[in-house]
Novice: 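One structure follows; several queries about it will come next.
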Amino acid sequence: MIQRIQSIFLLIAGAGFFSLFKFPFAKSSATTAPLFEDQLFNIQDNPVLLGLCVAGGIISIVTIFLFKNRILQKRLALLGAIVAIGLGGFALYTMTSEVETIPSTVEVSNQTGLFIPAVSVVMLMLSNIFINKDEKLVRSSDRLR
C-alpha cells in the first residue's frame, strides 16, 4: 500500500534529489572559471550531476508506486542509493579537483547541497529495511494459510 512508512522515506529521498535544483554544493567568494563562474557550484554546472540527480529522483518517486512488487521495489531503492552515493561522490570529486586549481585567496565553503545525497542514501536504506519487514510479514501470513 502507498500509505506505508517506506513510502514516506522514498518520498523524502526523491524530494532530496529534486531539492538539489535549489541548494548548491559549494559557494566561492569570487568568480573563477569554469566551475564557480556564478560563485555557486550546483548540479546545473555539470551534465553528469544533472543526470544523476534526475535519475535518482525519478527512481525514488517511481519506487513508491511499486508496492505490489516488493522485490523490484527493494532493488530500485538499492539502485537509488547507489545513484545517490555516485552523485555525492562525483560532486565531491569535482569540487575538490576544481578547488585545487583556483587561487588560494578565493575562499570556497561547503553548502547544504553537498550533504543532501547522504540524507537520500539514509532514507533509501531505511525504506529498504521496511520493505524487507513487509516482505517477511507477507511471507509469514502466506504460511498460515
Side-chain angles (χ1 to χ4, degrees), residues 1-29 31-100 102 106-145:
M1 287 190 249
I2 293 180
Q3 62 264 32
R4 297 283 187 184
I5 187 73
Q6 63 262 24
S7 298
I8 294 175
F9 290 139
L10 290 167
L11 185 66
I12 292 171
F17 279 113
F18 289 126
S19 70
L20 288 174
F21 283 99
K22 175 74 174 147
F23 296 111
F25 292 117
K27 186 177 183 180
S28 70
S29 60
T31 59
T32 58
L35 197 60
F36 293 105
E37 288 177 349
D38 57 350
Q39 293 183 338
L40 294 176
F41 171 48
N42 51 22
I43 62 169
Q44 288 92 0
D45 293 338
N46 193 319
V48 174
L49 290 175
L50 184 64
L52 286 173
C53 181
V54 170
I58 290 173
I59 288 170
S60 297
I61 300 300
V62 166
T63 305
I64 294 172
F65 300 104
L66 296 174
F67 55 88
K68 290 185 180 181
N69 190 350
R70 283 176 293 284
I71 294 170
L72 180 61
Q73 196 177 29
K74 286 190 317 190
R75 288 181 182 162
L76 284 178
L78 183 62
L79 178 66
I82 291 169
V83 168
I85 290 170
L87 174 69
F90 189 70
L92 189 63
Y93 169 74
T94 305
M95 187 181 77
T96 54
S97 66
E98 203 54 44
V99 166
E100 293 173 356
I102 61 174
V106 177
E107 184 178 325
V108 177
S109 62
N110 295 337
Q111 297 293 311
T112 57
L114 198 58
F115 306 106
I116 289 175
V119 171
S120 293
V121 168
V122 170
M123 292 296 124
L124 288 164
M125 288 295 115
L126 282 173
S127 70
N128 237 354
I129 290 170
F130 284 98
I131 293 168
N132 281 334
K133 284 184 180 181
D134 275 357
E135 182 67 25
K136 287 180 184 177
L137 181 66
V138 168
R139 285 185 184 171
S140 68
S141 68
D142 284 344
R143 278 194 302 260
L144 293 175
R145 288 183 189 179

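Positions are given from 1, in the same order as the sequence printed here. Everything numeric in this text was worked out from a predicted model, so none of it was measured. Only this structure's heavy atoms are used, side chains among them; waters, hydrogens and symmetry mates stay out.
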Novice: Going through the distances and angles, do Asn42 and Leu20 end up as a side chain to side chain contact (heavy atoms under 4.5 Å, CB included)?
Specialist: CA-CA 7 Å; Asn42 51 22; Leu20 288 174; over 6 Å; no
Novice: Mind checking the OG-CD1 spacing from Ser28 to Ile102? Nearest 0.5 Å is all I need.
Specialist: 6.5 Å
Novice: Please tell me if the side chains of Phe21 and Cys53 come closer than 4.5 Å, counting only heavy atoms from C-beta onward.
Specialist: yes
Novice: How are the rings of Phe41 and Phe36 set to each other: parallel, tilted or perpendicular (split at 30° and 60°)?
Specialist: perpendicular
Novice: Which atom names give the shortest non-hydrogen contact between Ile61 and Gly14, and what distance separates them?
Specialist: CD1-CA, 4.1 Å
Novice: So which heavy atom on Ala77 is nearest to which on Leu10, and how close?
Specialist: CB-CD2, 4.4 Å
Novice: Rounded at 0.5 Å granularity, tell me how far CD1 in Ile58 sits from CZ in Phe17.
Specialist: 11.0 Å
Novice: What distance do Phe23 atom CZ and Ile43 atom CD1 have between them, rounded to the nearest 0.5 Å?
Specialist: 12.0 Å
Novice: Does the side chain of Ile129 come within less than 4.5 Å of Phe9's, by heavy atoms?
Specialist: no
Novice: When rounded to the nearest 0.5 angstrom, what is the spacing between CD1 in Ile59 and OG in Ser120?
Specialist: 12.0 Å
Novice: I'd like to know if the side chain of Gln73 reaches the main chain of Thr63, judged simply by a donor and an acceptor atom lying under 3.5 Å from each other, with no hydrogens or angles considered.
Specialist: yes
Novice: Work out which heavy atom in Leu124 is nearest to a heavy atom in Ala81; give both atom names and the distance.
Specialist: CD1-N, 3.4 Å
Novice: Rounded to the nearest 0.5 Å, how far apart are CG of Leu87 and CG of Leu114?
Specialist: 9.5 Å
Novice: How far apart are the closest heavy atoms of Ala13 and Ser60, and which atoms are they?
Specialist: CB-OG, 4.0 Å
Novice: As an exercise, state the distance from CD of Glu98 to CD of Glu100, rounded to the nearest 0.5 Å.
Specialist: 9.5 Å
Novice: With distance as the sole test, does Thr94 use its side chain to make a donor-acceptor pair with the main-chain N or O of Ala91 at under 3.5 Å?
Specialist: no
Novice: Looking at every heavy atom in both Asp45 and Leu40, which two are closest together, and how far apart are they?
Specialist: OD2-O, 3.0 Å
Novice: Within a reach of under 6.0 Å around CD1 of Ile71, are more than 12 heavy atoms found that belong to other residues, nucleotides or ligands?
Specialist: no
Novice: Which heavy atom in Thr31 sits nearest to a heavy atom in Glu37, and how many Å separate them?
Specialist: CG2-O, 3.4 Å
Novice: Run the salt-bridge test on Asp134 and Arg70 with the 4.0 Å N-O cut-off and return the result as yes or no.
Specialist: no
